[in-house]
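Remember, it's 1-based here, ligands and their atoms both numbered in the order they're listed.
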Amino acid sequence: MDEVIITVAAVGAELTKQDQPGLPITPEELALDAAACRDAGASIYHLHVRDAMGSPTMSVEAFAAATAAIEEVTDLIVQFTTGGAVSDDEADRLAPLGLRPEMATLTTGSVNFADEVFVNRTPFVSALYRQMLDLGIVPEYEIFDAGMIANADRLYEKFATSHHRHYDFVLGVPGGMPAWPDALGFLTSKLPTGATWSATGIGRSHLDVTRETLELGGHVRTGLEDVSYYEAGTRATSNAQLIERVARMASNSGRGVASPADARQMLGIHRRET
Ligand code: KMH
Ligand code: ZN
């Protein structure tokens, strides 16, 4: 089986520093966090950013500052969110792609998100996708429910000439696909030949999803965006702590951990010289 690409979903848009003191917010904190995650075995840094008050933002300047800080100290693949927070408008979600990150997320459909709705209208998802294709940004299809795989197929057939297809299954969001024990077997059976995939379980489902993913040969996403507790009743202290656990579990399953260079090769990312 391939080496495991570990993605760290380090920040997200939902947690506050009060909820989770280990959350990296400033460029300085992001740089320290990214360096520790790289040392622990991560190869992709899934990036949301915050403003000076710690609130989620899609400010282009904030993405530029965060990316510069991370790239100054690591060779991690920086993957921008285009999902942002449920309250972000479409223009704001699109704008940071102009910075041409190596990778960005693309949620291919709308989904209830606890008491809110994470809105992803087809014309807007198409606009995000076309911008990524035009700028050479490798998309990661974010799959919160099964129908989103078919939406990704339609997008690819309509707009893409060819690119590597990588999917991330986000299971256990209240409103999305639960982390049923047979969910990953079903979802991965619907992927096109040659695709790669990762998975994460939100909250309590996190460890079960990680275990199952490693057994099935998938890649793993972890991080404070997805799981704030290390185990029941004990908060995680840092993103690196969560990455270390996945690296250990991978090794126990007989799988090594991919470096960022390995991950670029597996995902068809051609590093740009800046
Ligand atoms: N914060 C969620 C509403 C992504 O990063 O692409 C959306 C999200 C997905 O986190
Ligand atoms: Zn995210």
Nearby protein N/O/S atoms (those under 2.8 Å) for the Zn ion (ligand 2), with water ignored | His46 NE2, His48 NE2, Glu225 OE2

Sidechain-backbone polar pair: [X] side chain, [Y] backbone, donor-acceptor under 3.5 Å:
{"X": "Ser126", "Y": "Thr122", "result": "yes"}
{"X": "Asn120", "Y": "Val125", "result": "no"}
{"X": "Thr67", "Y": "Ala64", "result": "no"}
{"X": "Ser55", "Y": "Asp51", "result": "no"}

Residues Lys17, Glu29: salt bridge by 4.0 Å N-O rule | yes

Within 4.0 Å of some non-hydrogen atom of Glu14, the atoms of ligand 1 are 1 (N), 2 (C), 3 (C)

Going by the atom numbers of ligand 1, which of them fall below 4.0 Å from some non-hydrogen atom of Gly83?
-> 4 (C), 6 (O)

Dump the intermediate steps for side chain to side chain contact (heavy atoms under 4.5 Å, CB included) on Leu242 and Val227, then the final yes or no.
-> CA-CA 9 Å; Leu242 297 169; Val227 61; 3.9 Å; yes

d(Arg38 CZ, Ile243 CD1) to nearest 0.5 Å is 11.5 Å

Point-to-point distance, once rounded to the nearest 0.5 Å, from CG of Leu106 to CD1 of Ile143 = 8.5 Å

Starting from [atom], which protein heavy atom do you reach first, and at what distance in Å?
{"atom": "atom 5 (O) of ligand 1", "answer": "Thr81 OG1, 2.6 Å"}
{"atom": "atom 6 (O) of ligand 1", "answer": "Thr105 OG1, 2.7 Å"}
{"atom": "atom 7 (C) of ligand 1", "answer": "Phe118 CZ, 3.5 Å"}
{"atom": "atom 10 (O) of ligand 1", "answer": "Glu225 OE2, 3.0 Å"}

Contact with ligand 1 for Gly84, non-hydrogen, under 4.0 angstrom = yes

State if His46 counts as touching ligand 1 under the rule of any non-hydrogen atom under 4.0 Å.
-> yes

If you measure only the distance, is there a donor-acceptor pair under 3.5 Å linking the side chains of Asn151 and Tyr141?
-> no

His219 and Thr7: CA distance, side-chain angles, deciding distance, side-chain hydrogen bond (donor to acceptor under 3.5 Å, both in side chains) verdict = CA-CA 8 Å; His219 303 286; Thr7 297; over 6 Å; no

